[in-house]
Amino acid sequence: MAEKIIMMADARAPALAVPDTLETPTGLLADALGRPLHDLRISVTDRCNFRCVYCMPKEVFDKDYAYLPHAALLNFEEIARVARLFVAHGVEKIRLTGGEPLLRKNLERLVEQLRAIETPSGRPLDLTLTTNGSLLARKAQMLKDAGLDRVTVSLDAIDDAVFKRMNDVDFAVADVLAGIDAAHAAGLGPIKVNMVVKGGMNDDQILPMARHFKGTPAILRFIEYMDVGASNGWNMTEVVPSGEVVRRISAEMPLEPIGANYAGETAQRWRYVDGGGEVGMISSVTQAFCHDCSRIRLSTEGKLYTCLFATHGHDLRELLRAGRTDEEMQTAIARLWRARDDRYSETRTVNTAGLSLRAESAQKIEMSYIGG
Ligand code: SAM
Ligand code: SF4
Ligand code: SF4
């Protein structure tokens, strides 16, 4: 049973320091390990209508849970301003996430504001969203009309009973599938479907999920269960390595590896030998991809995290609300990125090396707070 953790917001976030000498963004920032800054993930809410057992277990995220008050949240103008600062620094891809991002009221207004951002190269921003799919059937067309390019939908099982055990709020598979269909009809493709595999909980769904999505336009991706946050009581024995997932699928439907679309792609790509399409493996635990991680995360309340496993964020909201100029904030961001040397998953892989270990989790931030 997970321990009760009360901290959701990150109280340990110092304001970002603004250096005396200001600089203009070049779009060519590199961190301490030479990694560029290309990808911004924005969490728009810390709330969710699901209670996935590996993310927001009911015992922790109950009616007494202290979610962020509305005034603490960045408003859409603040989010769009931050996004513009990052685009000037070289960000080409923005993903909206949460909690459940479609719970944020009028999210399509934010999508419109983000769509209007011009990149230095003139190339359009890649604008995507990760959702549990529960509200997608209703909102897909609106999101497309506002300028969203694509969606990723999380679905952990195709069997209703297993899915309901995973989401823990009795939500039916058919409603998520209706959301995927609506997204497809609206042109929000190629749609990716993410399945977190938790050993002993839904690994019997690997083959049924593969069979269901084979030959459809959706690309199914299997995610290794990660030791994010402090609530899920992660244990290495519950991780099903991607190599095992490939082996199980291949035994029935042979797969062959294919090359990455771009450097820094999180999923390893495989395709069915018979032409039935493609699947992806996100091996965050067994084959860390920190070496080309170009992602930064903005929390719902305006804190920046240079790694999913960071123990504290850097407060940008304070600068926003103190009336700092774009140049001041861009200089502060540049300094933060240059100092970045995070490579948690690589060091965790070395530490655990296949052993059965409980993660050192006490200080880590929740996935539902920072987004995936
Ligand atoms: N609520 C939305 C959803 O579920 O798609 C967006 C936020 S959710 C935190 C983003 C992604 O993180 C989901 O695909 C979810 O399955 C994944 N996730 C959450 N906890 C995880 C964990 N411990 N290990 C691996 N993936 C996890
Ligand atoms: Fe909600 Fe997504 Fe976390 Fe599930 S994974 S509890 S849908 S935020
Ligand atoms: Fe990037 Fe941190 Fe994940 Fe490594 S552990 S891939 S640095 S977010």
Side-chain angles (χ1 to χ4, degrees), residues 2 31-33 35 37-39 41-58 60-61 95-104 128-136 151-157 163 166-169 171 176 179-180 192-199 201-202 221-235 238-240 264-267 282-285 287-297 299-300 305-311 340-349 359 361 364-372:
D31 74 5
L33 303 176
R35 297 169 295 189
L37 172 55
H38 281 329
D39 187 332
R41 301 202 174 181
I42 301 174
S43 173
V44 293
T45 178
D46 58 345
R47 292 164 193 262
C48 189
N49 53 346
F50 283 15
R51 285 291 173 276
C52 301
V53 289
Y54 54 79
C55 180
M56 295 181 78
K58 257 183 183 161
V60 178
F61 295 85
R95 177 177 297 280
L96 299 176
T97 178
E100 173 46 43
L102 298 185
L103 289 182
R104 181 86 186 244
T128 71
L129 172 135
T130 303
T131 173
N132 63 23
S134 57
L135 300 169
L136 199 52
V151 289
T152 297
V153 182
S154 305
L155 179 63
D156 296 328
F163 185 53
M166 294 293 280
N167 66 54
D168 219 7
V169 293
F171 201 86
V176 179
I180 293 174
K192 291 175 182 153
V193 175
N194 279 355
M195 170 180 173
V196 173
V197 183
K198 186 171 178 197
M201 186 98 200
N202 67 338
R221 306 183 321 164
F222 297 89
I223 305 181
E224 287 176 352
Y225 172 46
M226 286 186 285
D227 50 328
V228 207
S231 311
N232 64 13
W234 183 88
N235 190 302
E238 294 164 327
V239 177
V240 179
E265 190 171 33
T266 47
I282 303 184
S283 320
S284 340
V285 178
Q287 282 170 277
F289 36 79
C290 302
H291 56 279
D292 50 16
C293 174
S294 55
R295 287 177 288 284
I296 194 158
R297 294 173 161 86
S299 78
T300 315
Y305 290 82
T306 55
C307 178
L308 187 53
F309 298 91
T311 50
R340 173 186 190 249
D341 61 0
D342 306 275
R343 46 191 285 272
Y344 176 88
S345 287
E346 282 179 356
T347 49
R348 177 238 286 116
T349 306
S361 59
K364 287 186 306 203
I365 215 77
E366 295 299 335
M367 190 74 146
S368 53
Y369 167 75
I370 193 63

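All ligand and atom numbering here is 1-based and tracks the order in the structure. These values consider heavy atoms only, across backbone and side chains, with no hydrogens, waters or symmetry-generated copies.
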>> With a cutoff of 4.0 Å, is Glu346 in contact with ligand 3, counting heavy atoms of the residue only?
In response: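 Heavy atoms of Glu346 never come under 4.0 Å of ligand 3.
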> Relative to the heavy atoms of Glu224, which atoms of ligand 1 are at a distance of less than 4.0 Å?
Replying inline: 25 (C)
> Can you find a heavy atom in the side chain of Thr128 that is under 4.5 Å from one in the side chain of Lys192?
Replying inline: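 Side-chain contact under 4.5 Å: no.
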>> So Tyr225 and Val285, do their side chains get closer than 4.5 Å, heavy atoms only?
In response: no
>> Checking Arg295 against Thr266: is there a side-chain donor and acceptor pair closer than 3.5 Å?
In response: no
> Asn132 heavy atoms, cut-off 4.0 Å: which ligand 2 atoms fall inside?
Replying inline: 7 (S)
> Which one of Ala310, Ser345, Ser284, Ser294 has a non-hydrogen atom at the shortest distance from atom 5 (S) of ligand 3?
Replying inline: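 Result: the heavy atom closest to atom 5 (S) of ligand 3 is in Ser345.
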>> Please classify the Met226 to ligand 3 contact at 4.0 Å (heavy-atom distances, strictly less than): side chain, backbone, both or neither.
In response: neither
>> Checking contacts here: is it the side chain or the backbone of Arg295 that comes within 4.0 Å of ligand 3, counting heavy atoms only? Could be both or neither.
In response: side chain
>> Taking 4.0 Å as the limit for heavy-atom contacts, which would you say applies to Val196 with ligand 1: side chain only, backbone only, both, or neither?
In response: side chain
> Is ligand 1 under 4.0 Å from a heavy atom in the side chain of Asp156, in the backbone, in both, or in neither?
Replying inline: neither
Can you tell me the protein heavy atom closest to [atom] and the distance?
atom                    : result
atom 2 (Fe) of ligand 2 : Cys48 SG, 4.5 Å
atom 3 (Fe) of ligand 2 : Cys55 SG, 2.4 Å
atom 6 (S) of ligand 2  : Cys52 N, 3.4 Å

> Is there any N or O on Met226 that sits under 3.5 Å from an N or O of ligand 1?
Replying inline: yes
> Does Gly99 come within less than 4.0 angstrom of ligand 1, counting non-hydrogen atoms of the residue?
Replying inline: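 Contact check Gly99 vs ligand 1: positive.
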> So is Gly98 close enough to ligand 2, meaning a heavy atom under 4.0 angstrom away?
Replying inline: no
> Is atom 2 (Fe) of ligand 3 less than 2.8 Å from at least one N/O/S atom of Cys307?
Replying inline: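 For Cys307, the answer is yes, given that an N, O or S atom comes within less than 2.8 Å of atom 2 (Fe) of ligand 3.
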